[in-house]
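A short worksheet on the structure shown next.
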Amino acid sequence: MRMSAEEVKQFWRGYCQRRKVSVELVKKGEAEIDKDPEFWADQTMDQLLALVQQ
């Protein structure tokens with residue numbers, strides 16, 4: 001099942017809200033999702049969080 005970039009972002013935002021991630025990191029994650037939403041739809045949000053925290 002394909003997910004749109006917005007659907008992936010919604011999932012990302014919910015994930016970040018539950019973990020109290022800063023707004024800055026949420027925005028960085030959204031930028032990464034925009035680059036390749038299909039990739040991030042197949043990956044875990046833990047991997048995205050680790051990437052944007054670097």
Side-chain angles (χ1 to χ4, degrees):
M1 180 169 125
R2 297 187 85 148
M3 293 178 70
S4 70
E6 188 56 36
E7 289 172 316
V8 179
K9 286 180 190 178
Q10 287 175 4
F11 186 78
W12 168 243
R13 290 177 197 130
Y15 171 87
C16 290
Q17 184 178 26
R18 290 186 300 276
R19 286 160 183 77
K20 299 179 178 21
V21 173
S22 73
V23 172
E24 179 183 306
L25 290 179
V26 173
K27 288 181 181 182
K28 286 182 178 181
E30 289 180 357
E32 289 296 324
I33 291 168
D34 282 335
K35 291 178 189 176
D36 192 353
E38 288 185 35
F39 175 79
W40 289 111
D42 291 336
Q43 303 302 317
T44 70
M45 296 294 104
D46 285 334
Q47 290 172 311
L48 182 53
L49 182 58
L51 175 71
V52 299
Q53 286 180 323
Q54 294 179 354

Which residues pass the side-chain hydrogen bond (donor to acceptor under 3.5 Å, both in side chains) test with Glu38, sequence neighbours left out?
Arg2

List the steps, then state whether side-chain contact (heavy atoms from CB on, under 4.5 Å) holds for Lys35 with Trp40.
CA-CA 9 Å; Lys35 291 178 189 176; Trp40 289 111; over 6 Å; no

Please enumerate all residues that pass salt bridge (Lys or Arg N to Asp or Glu O under 4.0 Å) together with Asp36, with sequence neighbours excluded.
none

CD on Gln10 to CE on Met3, rounded to 0.5 Å:
8.0 Å

So, using side-chain contact (heavy atoms from CB on, under 4.5 Å) as the criterion, who are the partners of Phe11 when residues are at least two apart?
Met45

Show me the pairs that pass salt bridge (Lys or Arg N to Asp or Glu O under 4.0 Å) and involve residues 8-17, at least two apart or across chains.
Glu6-Arg13, Lys9-Asp34, Arg13-Glu30

Compare every heavy atom of Ile33 with every heavy atom of Ala5, then report the nearest pair and how far apart it is.
O-CG2, 3.9 Å

Rounded to the nearest 0.5 Å, how far does CD of Glu32 lie from CG of Leu48?
7.0 Å

Return a table of donor-acceptor pairs under 3.5 angstrom between the side chains of residues 15-26 and protein atoms on other chains or two or more places apart.
residue: Tyr15; atom: OH; partner: Asp46; partner atom: OD1; Å: 2.2
residue: Arg18; atom: NH1; partner: Gly14; partner atom: O; Å: 3.1
residue: Arg19; atom: NH1; partner: Tyr15; partner atom: O; Å: 3.3
residue: Ser22; atom: OG; partner: Leu25; partner atom: N; Å: 3.3

Between Val8 and Ala41, which heavy-atom pair has the shortest distance, and what is it?
CG2-CB, 3.7 Å

